[in-house]
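Written out below as structure tokens is the structure these notes cover.
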Amino acid sequence: MSDTLVRMGELAASKTAGDMLVTLGLGSCIGLVLLDRRMGVAGLAHVVLPESGGHTEVNQFKFADHAVPELIKRVCALGARRPMLEAVMVGGASMFAAIGGSMEVGARNEAAVKAQLAAARIRVHASATGGSRGRTVRVGPKTGIVLVREAGGKDAQLFPPTVNKLPTRTLQEVA
Amino acid sequence: MSATYNDVQLDALRELANIGAGNASTSLSGMLGRAVDLTVPDARVVPMTQAVEEIGAPETEITGIALGVSGDMPSIVLMLLSPSDAAVVCTLLGLEPDSEYAESALGEIGNVVGTSYLNALAGMTGLALEPSPPATATDMLGSLVETVLASRAAVSDDALLLDSSMIVEGEGCSIVFLLSPDHGGAGELLTRLGVS
């Protein structure tokens with residue numbers, strides 16, 4: 001039972017019960033989760049930038065164009081079945097909107113990860129992306145549950161969708 | 001182009017940070033009407049993966065004021081202070097911490113403090129440095145810091161951090177000041193100082 005911290009440009013995969021793959025405080029980076037829930041395998045990549053653009057001398061897994069194929073490889077190496085993979089995306093926020101330019105990385109990261117997933121024919125089943133808030137993501141391989149938390153908030157289940165989510169929201173709207 | 005720096009170079013960067021922060025603390029002191037102390041500045045090269053933890057616990061709630069810098073040394077200046085210290089700073093400026101003006105007042109503090117830091121650097125090195133208007137956000141420390149570092153991540157796995165803390169006397173309130181240049185930029189800085 002241990003937390004594996006997935007920091008900038010890192011990725012990790014696990015099929016151990018009680019394990020938790022965690023990325024704390026995602027800003028413009030994307031936390032990409034790949035799951036084969038039936039097999040109890042999960043992977044998490046902390047993608048920093050959309051593409052390597054020829055920078056080959058640095059860690060390649062910080063770039064979406066290398067991180068996504070590598071994460072697919074790692075979860076499949078642990079027994080995940082490629083056609084059964086489900087993707088969940090978290091992050092890609094614009095923390096300092098006013099600076100613009102270089103700070104639009106969040107949106108570009110999201111688009112790049114989505115394009116890589118589409119090319120690999122993996123569907124994004126849930127996402128908590130964009131906006132201007134930082135997020136923490138946790139995923140347990142055996143449970144297949146993806147939890148997301150914003151600053152000062154509580155862990156909320158992002159995936160699989162919870163059954164009672166809709167009625168609760170409707171009641172709040174009525175009240 | 002993953003750059004490493006020797007001790008002489010890190011000392012030179014530390015000295016620059018010292019002078020920049022000295023200038024910045026003088027303007028902060030002038031704005032707040034209080035004495036401002038400085039901690040000894042540090043220049044560190046850390047692996048990108050560890051950079052966030054070097055600065056603080058990733059999920060700590062913190063207020064960040066960021067200034068983009070263009071010109072001869074593209075970089076980002078990030079000032080970090082706890083939300084309660086941000087409230088103290090607002091109070092010293094005569095503002096209600098929760099008022100609609102609080103965020104723009106903090107941005108203005110960041111603007112003045114950051115600009116005087118950069119002016120000192122520019123004056124010493126002859127570099128042209130142009131700050132962009134400030135952006136303020138209160139969120140998780142990790143989210144703010146990684147966003148600043150991400151724009152530098154394409155060319156290097158290391159982050160160069162120049163940091164120093166300014167402490168407002170009598171209020172127990174501190175501001176952490178970070179300058180994160182890209183590696184080409186720091187190289188330019190060192191060339192101008194004659195220690196490249």
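In the text below, chain A, chain B and the rest are named by the order of the sequence lines, each starting its count at 1.
At a 4.5 Å heavy-atom cutoff, the contact between B:Leu78 and chain A is made by side-chain atoms alone. Looking at A:Arg149, the atoms closer than 4.5 Å to chain B (heavy atoms on both sides) sit in the backbone and in the side chain alike. Proximity to chain B is limited to the backbone of A:Ser132, based on heavy atoms less than 4.5 angstrom apart. Only the backbone of B:Thr138 comes within contact range of chain A, judged by heavy atoms closer than 4.5 Å. Of the two parts of B:Glu61, only the side chain, counted from C-beta on, holds a non-hydrogen atom closer than 4.5 Å to a non-hydrogen atom of chain A. Looking at A:Leu49, only its side chain comes within 4.5 Å of chain B, counting heavy atoms on both sides. In this structure, chain B has no heavy atom under 4.5 Å from any part of A:Glu51.
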(request) Begin from the C-alpha positions of B:Leu160 and B:Leu13 and carry the test side chain to side chain contact (heavy atoms under 4.5 Å, CB included) through to its verdict. (result) CA-CA 10 Å; B:Leu160 169 66; B:Leu13 291 172; 4.0 Å; yes
(request) Decide yes or no on side chain to side chain contact (heavy atoms under 4.5 Å, CB included) for B:Leu106 and B:Val89, but give the supporting numbers first. (result) CA-CA 8 Å; B:Leu106 284 173; B:Val89 168; 4.1 Å; yes
(message) Apply side chain to side chain donor-acceptor pair (under 3.5 Å) to residues A:Thr129 and A:Glu110 and explain how you reach the verdict.
(response) CA-CA 8 Å; A:Thr129 51; A:Glu110 184 182 356; 2.9 Å; yes
(request) Start with the C-alpha gap between A:Met84 and A:Arg38, add the side-chain angles, then the distance that decides, and say whether side chain to side chain contact (heavy atoms under 4.5 Å, CB included) holds. (result) CA-CA 9 Å; A:Met84 305 305 285; A:Arg38 194 67 71 77; over 6 Å; no
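Heavy-atom neighbours of chain A within the stretch residues 95-104 of chain B, taken at a separation under 4.5 angstrom, are nonexistent.
When side chains are defined from C-beta on, A:Arg74 does not count as touching A:Leu78, because their heavy atoms never get closer than 4.5 Å.
For the pairing with A:Leu34, the side-chain contact (heavy atoms from CB on, under 4.5 Å) check across A:Leu11, A:Val68, A:Leu71 returns one residue only, A:Leu71. Under the side-chain contact (heavy atoms from CB on, under 4.5 Å) rule, B:Pro134 has a single partner from B:Val112, B:Ile109, B:Asn111, which is B:Asn111.
In the hydrophobic clustering of ILVMFWY residues, with side-chain heavy atoms under 4.5 Å counting as a link, B:Ile167 and B:Val176 come out apart. Linking Ile, Leu, Val, Met, Phe, Trp and Tyr residues whenever their side-chain heavy atoms come within less than 4.5 Å leaves B:Val52 and A:Val22 in two separate clusters.
Comparing B:Met48, B:Glu53, B:Glu59 by how many heavy-atom pairs each has under 4.5 Å with chain A, the most go to B:Glu59. Annotation: maximal heavy-atom pairing with chain A below 4.5 Å, among B:Gly107, B:Gly64, B:Ala154, occurs at B:Ala154. Considering only heavy-atom pairs separated by less than 4.5 Å from chain B, the leading option among A:Arg135, A:Glu10, A:Arg133, A:His46 is A:Arg133. When the candidates A:Thr23, A:Asn59, A:Asn109 are compared by the number of heavy-atom contacts under 4.5 Å with chain B, A:Asn59 comes out ahead. Between chain B and the residues A:Ala151, A:Ser52, A:Gly53, the largest count of heavy-atom pairs under 4.5 Å involves A:Ala151.
Counting only N and O atoms by type, the side chains of B:Thr39 and B:Ser164 include no donor and acceptor under 3.5 Å apart.
A:Arg138 contributes no side-chain N or O that, together with a main-chain N or O of A:Met20, makes up a donor-acceptor pair within less than 3.5 Å.
Distance check, rounded to the nearest 0.5 Å: CG of B:Leu162 to CG of B:Leu121 gives 8.0 Å.
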